[in-house]
Protein chains: 2
Amino acid sequence: MLRNIVSGENGIRDPDDGVREDPLFVQAVARAMQVLSAFHRTQRPLSLTAIAEASGVGRSAAQRVVHTLQTLGYIERDEDGRGYIPGIRLLDHSHDYLRLNSLIERATPVLLDLRRNARERVDFSLFDDLRMVYAVRMQSKRETFFATLVGHSVPTLCTSGGRAVMSRLPDVEVEDIIARSDRRPFTDKTITDPQEVREKIAEARQLGYALTVEEVLVGEVALGVAVLGPNGRPLGAIHIAGSLSEWTPSAFAERFAPLASEAAHAINRVR
Amino acid sequence: MLRNIVSGENGIRDPDDGVREDPLFVQAVARAMQVLSAFHRTQRPLSLTAIAEASGVGRSAAQRVVHTLQTLGYIERDEDGRGYIPGIRLLDHSHDYLRLNSLIERATPVLLDLRRNARERVDFSLFDDLRMVYAVRMQSKRETFFATLVGHSVPTLCTSGGRAVMSRLPDVEVEDIIARSDRRPFTDKTITDPQEVREKIAEARQLGYALTVEEVLVGEVALGVAVLGPNGRPLGAIHIAGSLSEWTPSAFAERFAPLASEAAHAINRVR
DNA sequence: TATAACTGTATCGCCTGTCGATACAAGCTA
DNA sequence: TAGCTTGTATCGACAGGCGATACAGTTATA
């Protein structure tokens with residue numbers, strides 16, 4: 001069965017994990033965020049009791065937290081009054097995140113340039129353990145709704161950016177990621193077999209970029225190059241994505257690998 | 001003195017307002033969000049004590065909340081270890097907001113189309129009382145970093161989108177917005193005088209769109225058209241923004257008003 | 001139409017988890 | 001060295017969150 005990109009169930013980094021174990025665990029704060037995290041696994045507005053269930057919080061507690069979050073603007077009622085949805089004030093915080101992230105600030109002009117030259121979709125994603133989180137998105141011609149959303153995340157294991165990142169990590173860490181990753185495929189071309197992934201990473205190490213063909217979206221070819229921080233650690237990746245109706249994979253790589261590599265190099269801060 | 005677009009101090013809807021008055025006020029939850037809101041007014045990483053001050057929370061409380069938020073990924077340490085910055089997990093929540101917002105979902109394909117035809121920057125912003133919050137951004141040629149950020153907000157009073165929205169509101173509400181708005185100008189062309197704003201709104205009512213020239217950014221002309229919900233209430237606006245080095249204001253309006261209006265109409269859900 | 005299963009809202013008392021005060025170690029600047 | 005930060009840790013008192021419980025309004029099923 002194919003995995004649904006749309007749903008939030010990448011299963012990566014479950015918000016509830018690792019919280020109870022913290023000795024300095026703070027209940028109320030964590031509970032508030034748990035309530036907000038209830039929306040990760042849904043596609044439609046949630047009722048109060050649905051929020052309680054999804055977040056593993058009692059009805060009473062959920063009620064109070066939701067009420068507070070609503071008055072603060074972090075939760076809203078659905079247009080049709082049918083349930084609750086996340087509120088617009090959440091955008092203020094992600095805005096702060098993007099604004100204050102020096103990597104993103106440095107990357108943006110480079111990406112704008114890259115998109116102008118490439119004329120294909122250009123993305124910048126951040127390495128966050130098992131997933132890559134899209135932080136900058138520059139659409140080209142025809143895109144889907146979900147290809148425009150900042151905050152969308154995809155597995156490190158089977159995306160061009162993730163492979164590019166892994167190609168810059170020491171083997172121990174790569175193995176750790178492979179071991180802990182969810183192996184459910186997106187399409188029937190998704191490569192999740194450990195040995196095959198290792199080969200792909202070796203290939204990326206040699207070429208300096210990673211190429212994925214229809215591993216996440218049917219008909220799509222994507223090229224990823226890692227972006228490095230000081231001390232050479234990969235922090236994220238640049239992607240260029242195109243359509244197989246216009247490119248063969250090798251032609252795509254030949255055309256865009258130099259552009260993407262140059263762009264990544266302009267962002268890097270290795271000393 | 002000119003107002004700084006970059007800083008978060010649009011002064012609009014202070015997060016701390018109206019909280020203490022709520023009878024069902026929940027301390028801990030609100031406090032967590034207050035701590036996160038501390039980053040709204042800064043351009044650089046914050047120390048623990050700076051967070052405490054900015055959020056009006058005691059040092060001890062701030063410490064615990066920050067610690068929890070950090071283990072949950074909502075706050076991170078700066079690259080250079082000099083202070084705290086918002087964490088990547090915030091993007092998950094804004095992603096939920098964008099995903100679950102049916103208006104944005106409906107608007108996105110229309111905006112992609114519009115950008116393809118217009119070949120200028122196209123934005124979609126949501127009406128949130130005194131401010132308009134950018135929810136979808138489609139860059140064109142040369143853009144600044146801040147013109148790419150989702151979550152950025154600008155005053156309803158002096159932006160093309162805001163004026164377009166106000167032109168669809170009853171006079172009482174318009175007056176209310178004018179009265180409560182911050183009048184600090186962005187440039188020396190920013191119109192904030194109540195009477196002048198009223199005239200601009202009247203003009204927008206007649207034309208069906210609003211045009212602003214250098215009111216927020218020097219050298220920029222922007223055209224806004226309101227997007228309406230059922231019952232005809234304005235929910236947001238489409239913007240097209242161009243450079244005065246390429247367009248006269250009237251030529252810009254003549255060219256793009258029909259395109260933008262058509263796009264807005266395609267999104268509207270008036271019954 | 002009656003019944004059942006939902007919605008969100010409200011109240012209240014026990015007990016838990018939070019906050020403030022206070023102290024300390026580690027890193028910078030002078 | 002002294003004097004300033006920075007972040008971390010401990011602990012007791014008491015505010016305030018949580019669970020249990022109940023109710024009113026709306027939608028679904030018999």
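Chain letters run A, B, ... following the sequence lines, proteins first, then strands; residues in each count from 1. Note that the coordinates shown come from a computational prediction; the quantities given were computed from them, not determined experimentally.
A:D96 meets the salt bridge (charged side-chain N to carboxylate O under 4.0 Å, His left out) test with A:R99; sequence neighbours excluded. Taking the salt bridge (charged side-chain N to carboxylate O under 4.0 Å, His left out) definition, one finds that A:E173 meets it with A:R233, sequence neighbours left out. Partners of A:Q70 under the side chain to side chain contact (heavy atoms under 4.5 Å, CB included) rule, at least two apart in sequence or in another chain, are A:R77, A:Y84. The side chain to side chain contact (heavy atoms under 4.5 Å, CB included) search around B:S94 returns A:L91, A:S94, B:L91, not counting sequence neighbours. Residues that satisfy the salt bridge (charged side-chain N to carboxylate O under 4.0 Å, His left out) test with A:D176, not counting sequence neighbours, are A:R180. Take B:E105 and apply the side chain to side chain donor-acceptor pair (under 3.5 Å) test, not counting sequence neighbours, and it matches no residue. B:T159 meets the side chain to side chain donor-acceptor pair (under 3.5 Å) test with no other residue; sequence neighbours excluded. With sequence neighbours excluded, no residue forms a salt bridge (charged side-chain N to carboxylate O under 4.0 Å, His left out) with B:D78. Annotation: side chain to side chain donor-acceptor pair (under 3.5 Å) contacts of B:Y134 (sequence neighbours excluded): none.
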Protein and nucleotides 22-24 of chain D: nitrogen or oxygen contacts under 3.5 angstrom:
none

key: Strand DNA chain D as a dot-bracket string - pairs counted if Watson-Crick or G-U with both distances under 3.5 Å, | where the partner lies in another strand   = |..||.|||||||||||||||||.||||||

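With distances taken from any side-chain atom of A:Q63 to the nucleotides C:dA10, D:dC18, C:dT18, the minimum falls on C:dA10. Side chain of B:L48, nearest nucleotide from D:dC18, D:dT8, C:dA21: D:dT8.
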remark   = Per-nt protein contacts along nucleotides 23-30 of chain C (heavy atom under 4.0 Å; B base, S backbone sugar-phosphate only, - none) come out as --------

